[in-house]
Amino acid sequence: MGEPRLAREYGDNVLVLIPREPSVLFAYWELSPATQLAIAGKKWGLRLWSRRGAHLTLLREVFPSFFCGDWYFTELEAGASYRCELGWWENSFFVPLLVSGWAETPPVPVPWRPPLPEELPEARLLAEARQEIGVGYFSWY
């Protein structure tokens, strides 16, 4: 009988934007056969937008092979929001067919370093104990 297999295509129109690294996004799309016929022969491509507050900026326009189904956007800003559009140009105007949801690139991770001696729990406890007791000299005599 064998293992069940995932379908290679589902016959839907979909565009997904996925963060991969702090400076890389992965775009995946699938177009139904009817949609592929409708846009065949048109100049089509992907547009990448960034968002800061309410301000949108068109960053890139790329023209991958129609059949490749995915694209990596690289050299992006970490911790920023992006959206992708798939469409075609008609009379110098872009006609969006699919729009991804907003995707945020992760922030750049802070490199790990060993704690400094004064940051160790023992050092903090000793410093707190000195503050509570007070440091000074006294004699029982």
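All of these numbers come straight from a predicted model, not from anything done at the bench. Positions are given from 1, in the same order as the sequence printed here.
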query: What pairs with Ala78 under side-chain contact (heavy atoms from CB on, under 4.5 Å), at least two apart in sequence or on another chain?
result: Pro22, Val108
- prompt: Which distance, rounded to the nearest 0.5 Å, do you find between the SG of Cys84 and the CG of Leu17?
  reply: 5.5 Å
- prompt: Phe73 pairs by side chain to side chain contact (heavy atoms under 4.5 Å, CB included) with which of Thr105, Val24, Leu46?
  reply: Leu46
same_hphob_cluster(Val62, Trp29) at 4.5 Å side-chain heavy-atom cutoff: yes
message: Show, in sequence, the C-alpha distance, side-chain angles and deciding distance for Arg51 and Trp102, and conclude whether the side-chain contact (heavy atoms from CB on, under 4.5 Å) test is met.
response: CA-CA 9 Å; Arg51 174 177 66 182; Trp102 288 98; 3.4 Å; yes
- request: Hydrophobic side-chain clustering at under 4.5 Å (ILVMFWY, transitive links): who's grouped with Val99? Put none if nobody.
  value: none
field: Set of residues satisfying side-chain contact (heavy atoms from CB on, under 4.5 Å) with respect to Pro19, sequence neighbours excluded
entry: Leu25, Ala103, Pro106
query: Got a sec, which residues hit salt bridge (charged side-chain N to carboxylate O under 4.0 Å, His left out) with Arg47, two or more places apart in sequence or on another chain?
result: Glu61
query: Is Val16 reachable from Tyr72 through a run of I, L, V, M, F, W or Y residues, each pair having side-chain heavy atoms under 4.5 Å apart?
result: yes
task: Kindly compute the distance separating CG (Leu48) from OG1 (Thr57), expressed to the nearest 0.5 Å.
output: 10.5 Å
- request: Applying salt bridge (charged side-chain N to carboxylate O under 4.0 Å, His left out), name anything that partners Glu21, two or more places apart in sequence or on another chain.
  value: none
query: Taking atom OG of Ser50 and atom NE2 of His55, what is their separation to the nearest 0.5 Å?
result: 7.5 Å
Check: Ser32 main-chain N/O paired with Asn13 side-chain donor or acceptor under 3.5 Å: yes
message: Can you confirm whether Lys43 sits close enough to Phe63 that some side-chain heavy atom of one is under 4.5 Å from a side-chain heavy atom of the other?
response: yes
field: Verdict with reasoning, Tyr28 to Ser100, per side-chain contact (heavy atoms from CB on, under 4.5 Å)
entry: CA-CA 9 Å; Tyr28 163 80; Ser100 74; over 6 Å; no
- line: With sequence neighbours left out, the residues meeting side chain to side chain donor-acceptor pair (under 3.5 Å) with Trp49 are Glu85
- request: State the CH2-CZ distance between Trp71 and Phe26, to the nearest 0.5 angstrom.
  value: 12.0 Å
message: For Glu75, give me all partners under salt bridge (charged side-chain N to carboxylate O under 4.0 Å, His left out), at least two apart in sequence or on another chain.
response: none
query: With sequence neighbours left out, which residue pairs that include part of residues 31-41 fulfil the salt bridge (Lys or Arg N to Asp or Glu O under 4.0 Å) condition?
result: none
Under 3.5 Å, side-chain donor or acceptor atoms of residues 86-98 against the rest of the protein: list the pairs with distances, not counting sequence neighbours.
| from | atom 1 | to | atom 2 | distance (Å) |
| --- | --- | --- | --- | --- |
| Trp88 | NE1 | Glu90 | OE1 | 3.1 |

- request: Please list, chain by chain and in numerical order, all residues satisfying side chain to side chain donor-acceptor pair (under 3.5 Å) with Glu77, sequence neighbours excluded.
  value: Arg52
task: Can you sort out the partners of Ser23 under side-chain contact (heavy atoms from CB on, under 4.5 Å), two or more places apart, ordered by chain and number?
output: none
